[in-house]
Amino acid sequence: QVQLEESGGGLVQAGGSLTLSCTSSERIFSDRAMGWFRQPPGKERESVAAINWNGDRTLYGDSVKGRFDITRDNAKNTLYLQMNSLKPEDTAVYYCASSIAANADTNPGHYAYWGQGTQVTVSS
C-alpha cells in the first residue's frame with residue numbers, strides 16, 4: 001500500500017507564500033506522474049498542478065498559473081508545491097496524488113493513491 005503524506009499547510013495572509021511537501025512510500029515514485037489537487041469548502045475537488053515522472057513537463061490549473069510551481073525530487077521521493085501571491089480563493093484542503101502513468105495528467109481518475117490532505121487557509 002502506497003502512503004502519501006502532505007505537510008506545510010497552514011494559515012497565511014493574502015499575498016503570502018506557502019510550500020507544500022508530499023513524501024511517498026512508493027518504491028517506483030520516480031516512474032509516476034504526480035499531482036496536486038484541492039477541494040475548497042463546499043466545492044468539487046479540482047486539479048491544481050501535475051508533473052511528469054522526471055519533472056520536465058508540468059501542467060497548471062488556470063487559476064494558479066504564474067503563482068504556483070510544482071517540482072519533485074525523485075531522490076527524496078518528495079513532491080513540492082510552491083504557492084506564491086496567495087488569495088483567499090486558494091483556501092482549500094490540498095491533496096497530493098500518485099498517477100497510474102508517467103505523463104502529467106489533470107484527470108483525478110488517473111490517480112491511484114491519495115494523501116490525507118493538508119488545510120491551506122488564506123485570510124484577506
Peer 1: Between the main-chain N or O of L81 and the side-chain N or O of Y94, is there a donor-acceptor pair closer than 3.5 Å?
Peer 2: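 It does not hold such a pair.
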
Peer 1: Decide, yes or no, whether a salt bridge links K65 with D62 under the criterion of side-chain N to carboxylate O below 4.0 Å.
Peer 2: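 The answer is yes: the pair qualifies as a salt bridge.
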
Peer 1: Quick one: pull up NZ in K87 and OG in S124 and give me the separation to the nearest 0.5 Å.
Peer 2: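 Atom-to-atom, K87:NZ and S124:OG are 14.0 Å apart.
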
Peer 1: Taking E6 for the side chain and G117 for the main chain, is one N or O donor matched with an acceptor at less than 3.5 Å?
Peer 2: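 Judged by distance alone, yes, a pair lies under 3.5 Å.
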
Peer 1: Taking the side chain from T78 and the backbone from K76, do they hold a donor-acceptor pair closer than 3.5 Å?
Peer 2: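 Yes; at least one donor-acceptor contact below 3.5 Å.
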
Peer 1: As an exercise, state the distance from OG of S63 to CG of D90, rounded to the nearest 0.5 Å.
Peer 2: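 Answer for the OG-CG pair, S63 versus D90, is 7.0 Å.
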
Peer 1: Please find the pair of heavy atoms, one from L20 and one from G9, that lie closest to each other, and give the distance.
Peer 2: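 Where L20 meets G9 most closely, the heavy atoms are CD2-N, 3.6 Å.
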
Peer 1: Quick check on Q3: does its CD atom have over 12 non-hydrogen neighbours (other residues, nucleotides or ligands) under 6.0 Å away?
Peer 2: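 Open.
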
Peer 1: For side-chain contact (heavy atoms from CB on, under 4.5 Å), just list the numbers for I70 and L79, CA-CA rounded to whole Å, side-chain angles, deciding distance to a tenth of an Å, and then say yes or no.
Peer 2: CA-CA 8 Å; I70 185 171; L79 176 73; 3.9 Å; yes

Peer 1: If we count only N and O atoms by modelled type, under 3.5 Å, do the side chains of T121 and Q119 hold a donor and an acceptor together?
Peer 2: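 Looking only at side-chain atoms, Q119 and T121 do form a donor-acceptor pair, the distance falling under 3.5 Å.
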
Peer 1: Which heavy-atom pair separates F37 from S47 by the least distance, and what is that distance?
Peer 2: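 Where F37 meets S47 most closely, the heavy atoms are CD2-CA, 3.5 Å.
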
Peer 1: So, taking the atom named OG1 in T118 and the one named CD in E5, what distance separates them when rounded to the nearest 0.5 Å?
Peer 2: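 Taking OG1 in T118 and CD in E5, the distance rounds to 10.0 Å.
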
Peer 1: Report yes or no: is the cationic atom of R67 (NZ for Lys, CZ for Arg) under 6.0 Å from the centre of the six-membered ring of Y60, at an angle within 45° of the ring normal?
Peer 2: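 Output no; distance or angle outside limits.
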
Peer 1: Do R38 and E46 have side-chain heavy atoms sitting under 4.5 Å apart?
Peer 2: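 In contact.
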
Peer 1: Does R72 qualify as a cation-pi partner of W53, given the criterion of NZ or CZ under 6.0 Å from the six-membered ring centre and within 45 degrees of its axis?
Peer 2: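 No cation-pi geometry.
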
Peer 1: Counting N and O atoms only, with roles assigned by atom type, does the side chain of W114 sit under 3.5 Å from a partner on the main chain of L4, one being a donor and the other an acceptor?
Peer 2: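 Not confirmed, W114 side chain does not pair with L4 backbone.
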
Peer 1: Donor-acceptor pair, S30 side chain versus N74 backbone, under 3.5 Å?
Peer 2: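 Answer holds: no.
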
Peer 1: Which distance, rounded to the nearest 0.5 Å, do you find between the OH of Y95 and the SG of C22?
Peer 2: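 Interatomic distance, Y95 OH to C22 SG, rounded to 0.5 Å: 13.0 Å.
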
Peer 1: Any donor-acceptor pair under 3.5 Å linking the side-chain atoms of T71 with those of Q82?
Peer 2: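 Not at all, the side chains of Q82 and T71 share no donor-acceptor pair under 3.5 Å.
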
Peer 1: Using only atom types and a distance under 3.5 Å, with no angle test, would you say the side chain of R32 pairs donor to acceptor with the backbone of I100?
Peer 2: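 Yes.
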
Peer 1: What is the minimum heavy-atom distance between P88 and A14, and which atoms define it?
Peer 2: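 Closest approach of P88 to A14: CD-CB, 4.1 Å.
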
Peer 1: Sequence neighbours excluded, which residues qualify as side chain to side chain contact (heavy atoms under 4.5 Å, CB included) partners of K43?
Peer 2: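 In terms of side chain to side chain contact (heavy atoms under 4.5 Å, CB included), with neighbours along the sequence ignored, K43 is linked to P40.
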
Peer 1: Judged by atom type as modelled, is there a donor-acceptor pair below 3.5 Å linking the side chain of N52 to the main-chain atoms of R57?
Peer 2: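 Side chain of N52 to backbone of R57: a pair is present.
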
Peer 1: Let me confirm one number: the OH-OG1 distance from Y111 to T106, rounded to the nearest 0.5 Å.
Peer 2: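 Y111 atom OH to T106 atom OG1 measures 7.5 Å (nearest 0.5 Å).
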
Peer 1: Heavy atoms, side chains only, cut-off 4.5 Å: are F68 and L86 in contact?
Peer 2: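 Touching, per the 4.5 Å side-chain cut-off.
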
Peer 1: Working to the nearest 0.5 angstrom, can you tell me the gap between L18 CG and L11 CG?
Peer 2: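 Answer for the CG-CG pair, L18 versus L11, is 9.0 Å.
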
Peer 1: Grouping I, L, V, M, F, W and Y whenever their side-chain heavy atoms are under 4.5 Å apart, do Y80 and V93 come out in a common cluster?
Peer 2: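 No, it is not one cluster - the side chains of Y80 and V93 are not joined through contacts under 4.5 Å.
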
Peer 1: Do Y113 and V48 belong together in a cluster built from hydrophobic side chains that touch within less than 4.5 Å?
Peer 2: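 Linked within one cluster.
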
Peer 1: Taking atom types as modelled, is there a side-chain donor on N77 or S24 under 3.5 Å from an acceptor on the other?
Peer 2: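 N77 vs S24: no donor-acceptor pair found between side chains.
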
